[in-house]
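Have a look at the structure below, then the notes.
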Amino acid sequence: MGKKEVLPRLKGPADLKGLSSEDLDLLCGEIRQRIIEATAVNGGHVGPNLGVVELTIALHLAFDTPKDSFFWDVSHQGYVHKLLTGRNDERFDKIRKSGGLSGFLSREESAHDAFGAGHAGTALSSALGKCLARDLNDGDEHVVAIAGDAAFTCGITLEALNNIACSTKKFILVLNDNEWSIAKNVGAFSKYFNELITNPVYSRLHKDAGNILSKIPGGDALIKFISKAKRDTKELIAPSSIFEKLGIRYLGPIDGHDVKGMVSFFEFAKTSDEPIVLHLLTQKGKGFPVALEEPEKWHGSGPFDLDTGTPKQSPQGSPPKYQDVFGECLAGLAKDDERIVGITAAMPSGTGLDLLEREIPDRFFDVGIAEEHAVLMAAGLATGNMLPVCAIYSTFLQRAYDPIIHDVCLQNLPVTFCLDRAGLSPNDGPTHHGLFDLSYLRCIPNAIIMQPKDEDELQDMIATGIRSGSPAFVRYPRGEGRGVERKETPVPIEIGKAELLRDGSDCSIWALGGFVDLAVEIATKLEATHRLNCSVVNARFVKPIDEALLLSHARNHGSIITFEDNVLAGGFGSAVLETLERQGIRLPVKRFGWPDQFVEHGDSVSSLRQAHGLDEDRIMAEIERFLDLKRHSASSLIA
């Protein structure tokens, strides 16, 4: 007889209701295997999803989506939810790839996804909003916010906690505590949750409650009594839970891998006449030994060998990643200047700052998932004669926009921002693409904005920013560099000075970052096919733009073409147009960049560029139309 399979029989969450305990155990194993197999091919958030298998099953057993709503913080741990809500098909096989499921939850993808996300700290506020809508409409549906302990390092979460009890009586918060965000959690909240777990009084009260629920009919009434007794006697026998101080009933710690036990607590939570938090303990990476051993490494993984768990490495001799070049450069500069400090928001390895952490730990600061606080803290450090460097992904720096303007740039403080993942983060999709930073930064006075064409120039720009004495932003892409030889010691660049790579007279092409090589190729093709002599400029600086060179080219060339890995609206091409307009120069300008839309996830940078007309062939055809080269070539042949 063949092995009994449960997962393929499930068409939706309602099918869970009739499963036996044996079937549920089998299902947990099958889901873990399904996730491991899919992420081995596509990469993805392995550890977080393996840790919430039982939790997700228990949620769907106790609640009824889409009538009831789950608000998952970040939603990177939503793979199990996807498998249980009708998405266990070929789309899951291609998760995070073109034509496959998103790696995050999406309202467009399923009615069971109540709220899309990709950044931390969103669950409590959005869930409270849904609760208020329910209350105003006299509804009876349940709203559940599922947030990891790392989300409590995020200011938005704390702001929501301050409002829940005074806004609604029915709010269910599931605290998924695995002691990790991406890196090991830091700060007072992490310590506090650990104390709750280890406090013998809380642990004993939870154990008593669990025993009552499992052994005695009418357990709901008794758990209410125990919960009330805990609150009434807390000042005598245990320190009060911070949740209870905020008017939210606390129950925990609870075994986050016991489906039956969690369902009992969820059923009780549905009857609560006040907001309630259930503190669940889970293991990130459960069921996959290598993920349990290295939780940070397996938070988000690239493709790996299914049998051994060994990541599929880049070919030997591949260029270093930009994040590693940044980390090495900053650690080297910090050794020579004791004023340099590094700041990250829960991303030490993702940004490359883990090297500084190892080599100069007293000048490394991980503030948790708190980008706004990171920027403000950097501003304070700058007033103390320090040279802070904030390494934050482009998409996450959006969350700190007010402190960038109000606290750093307004006061012209020497804070250097290194924006990793500028441009595309292809597999992660629209929540993680860094396509807006040029637009949201370029309008801020005192800002210096740079983008290197390669990893050697990245080092020079880091040194430039640190020595500039002003707010400086260096943006660079995800992944490997070009493999160029790097100088042993970075050399600061003259601020606002572009690099002329090819001197011509017919058309001037200005490019940023990863588009510089393409610009050179386009210029070479135009010369070969149309006898056009084009200049190529590595712009380097978006602000201040090299106005002298730009105006010189505007006067001596028939047109200008710009390339940028940013949305066109308000980006580098816009800076070129504004400069020409300010000088009263009228000249044909063709801009290439990303359209005014959210770009989907896909296989690679090249596949997404092709999908949006930014591949070499489509660009060449657009330039030929722009310069009217097809008609010009035909006229020449007739003549």
What distance do Phe70 atom CZ and Ser75 atom OG have between them, rounded to the nearest 0.5 Å?
-> 14.5 Å
CG/Asp324 to SG/Cys329 distance, rounded to the nearest 0.5 angstrom?
-> 12.5 Å
Taking the side chain from Thr282 and the backbone from Asn176, do they hold a donor-acceptor pair closer than 3.5 Å?
-> no
Criterion side-chain hydrogen bond (donor to acceptor under 3.5 Å, both in side chains) on Glu600 and His612, from CA distance to verdict | CA-CA 10 Å; Glu600 69 280 7; His612 291 273; 3.1 Å; yes
Check: Trp594/Asp565 side-chain N/O donor and acceptor closer than 3.5 Å | yes
Under 3.5 Å donor-acceptor, Ser574 side chain and Leu568 backbone = yes
Counting only N and O atoms by type, is there a donor-acceptor contact under 3.5 Å from the side chain of His433 to the main-chain atoms of Val599?
-> yes
Can you tell me how far the CG atom of Asn566 sits from the OH atom of Tyr440, to the nearest 0.5 Å?
-> 9.5 Å
Can you see which heavy atom on Arg478 is nearest to which on Ser425, and at what distance?
-> NH1-OG, 2.9 Å
Indicate yes or no: does Glu328 engage Arg486 in a salt bridge with an N to O separation below 4.0 Å.
-> yes
Indicate the ring-plane relationship of Tyr250 and Phe243, choosing parallel, tilted or perpendicular according to the 30° and 60° boundaries.
-> parallel
Show the numbers, then the answer: is there a salt bridge (Lys or Arg N to Asp or Glu O under 4.0 Å) between Glu274 and Lys169?
-> CA-CA 4 Å; Glu274 60 185 322; Lys169 292 185 177 181; over 6 Å; no
Within the side chain of Asn412, is there an N or O that forms a donor-acceptor pair under 3.5 Å with the backbone of Val408?
-> no
Keeping the roles fixed (side chain from Asn49, backbone from His45), state whether a donor-acceptor pair exists under 3.5 Å.
-> yes
Within a strict 4.5 Å, meaning less than it, do heavy atoms of the Pro471 and Val415 side chains meet?
-> no
Considering residues, nucleotides and ligands other than Glu108, do more than 12 of their heavy atoms fall under 6.0 Å from its CD?
-> no
Aromatic rings Phe592 and Phe563: how do their planes relate, parallel, tilted or perpendicular, breaks at 30° and 60°?
-> parallel
Note: Ala147 and Leu173 closest approach over all heavy atoms is CB-CD1, 4.4 Å
Ionic contact status for Lys321 with Asp420, cut-off 4.0 Å | no
Could you tell me whether a side-chain N or O of Thr344 sits under 3.5 Å from a main-chain N or O of Asp366, the two making a donor and an acceptor?
-> no
Would you say the side chain of Ile444 lies within less than 4.5 Å of the side chain of Ile404, judging by non-hydrogen atoms?
-> yes
Heavy-atom side-chain proximity of Leu419 to Val474 below 4.5 angstrom | no
Are side-chain N/O atoms of Asp354 and Ser349 paired as donor and acceptor at under 3.5 Å?
-> no
Is there a side-chain hydrogen bond (donor to acceptor under 3.5 Å, both in side chains) between His601 and Asp428 once you walk through the steps?
-> CA-CA 6 Å; His601 67 280; Asp428 293 321; over 6 Å; no
Is any side-chain heavy atom of Ile156 less than 4.5 Å from a side-chain heavy atom of Thr122?
-> no
Mind running side-chain hydrogen bond (donor to acceptor under 3.5 Å, both in side chains) on Thr395 and His119 for me, showing each step along the way?
-> CA-CA 9 Å; Thr395 182; His119 294 183; 2.9 Å; yes
Does Asp149 reach the main-chain N or O of Asn178 with its side chain, forming a donor-acceptor pair under 3.5 Å?
-> yes
Taking salt bridge (Lys or Arg N to Asp or Glu O under 4.0 Å) as the test, write out the residues that go with Asp73, two or more places apart.
-> none
Check step by step if salt bridge (Lys or Arg N to Asp or Glu O under 4.0 Å) holds for Lys284 and Asp177.
-> CA-CA 9 Å; Lys284 191 173 186 178; Asp177 186 351; over 6 Å; no
Glu494 with Arg540: basic N within carboxylate O range, under 4.0 Å | no
Side chains of Asp113 and His81, donor plus acceptor under 3.5 Å = yes
Closest non-hydrogen contact found for Gly121 with Thr157 is CA-OG1, 3.5 Å
Between Leu278 and Leu175, is any pair of side-chain heavy atoms under 4.5 Å apart?
-> no
Arg591 vs Leu577, side-chain contact (heavy atoms from CB on, under 4.5 Å): CA-CA, chis, key distance, verdict | CA-CA 9 Å; Arg591 298 174 300 145; Leu577 288 170; 3.7 Å; yes
Can you name the nearest heavy-atom pair linking Ile495 to Ser468, along with the distance?
-> CD1-CB, 3.8 Å
Pair His432 + Phe104: ring centers closer than 6.0 Å = yes
Which donor-acceptor pairs under 3.5 Å do side chains of residues 445-456 form with protein atoms, sequence neighbours excluded?
residue	atom	partner	partner atom	Å
Asn446	ND2	Cys409	O	2.8
Gln451	OE1	Arg475	NH1	2.6
Lys453	NZ	Glu499	OE1	3.1
Asp454	OD1	Asp456	N	3.1
Asp454	OD1	Glu457	N	2.8
Asp454	OD2	Arg482	NH1	3.4
Glu455	OE1	Arg482	N	2.8
Glu455	OE2	Arg482	N	3.3
Glu455	OE2	Gly483	N	2.6
Glu455	OE2	Val484	N	3.3
Asp456	OD1	Lys487	N	2.8
Asp456	OD1	Lys487	NZ	3.4
Asp456	OD2	Lys487	NZ	2.7

Can a salt bridge be assigned to the pair Lys130 and Asp135 using a cut-off of 4.0 Å between side-chain N and carboxylate O?
-> no
Name the atoms and distances for all side-chain donor-acceptor pairs under 3.5 Å in residues 371-383, with sequence neighbours left out.
residue	atom	partner	partner atom	Å
Thr383	OG1	Gly380	O	2.6

Check whether any side-chain heavy atom of Leu387 sits under 4.5 Å from a side-chain heavy atom of Arg467, and report yes or no.
-> yes
Side-chain donor or acceptor of Arg363 paired with backbone N/O of Gly342 under 3.5 Å = no
Quick one: CZ on Phe326 to CG on Leu458, what's the gap to the nearest 0.5 Å?
-> 8.5 Å
Is the backbone N or O of Lys170 less than 3.5 Å from a side-chain atom of Arg134, with the two atoms forming a donor-acceptor pair by type?
-> yes
Heavy atoms, side chains only, cut-off 4.5 Å: are Phe515 and Arg609 in contact?
-> yes
Other residues, nucleotides, ligands: >12 heavy atoms within 6.0 Å of Glu338 CD | no
Student check: side-chain heavy atoms of Val389 and Cys418 closer than 4.5 Å = yes
Minimum-distance pair of heavy atoms, taken over all atoms of Gly481 and Tyr322 = CA-CE1, 3.5 Å
Between atom OG1 of Thr351 and atom CD1 of Ile343, what is the distance when rounded to the nearest 0.5 Å?
-> 11.5 Å
Tightest non-hydrogen contact, residues Ala145 and Ala127, listed as CB-CB, 3.8 Å
CG (Leu59) and CD1 (Ile172) are apart, to the nearest 0.5 Å, by 9.5 Å
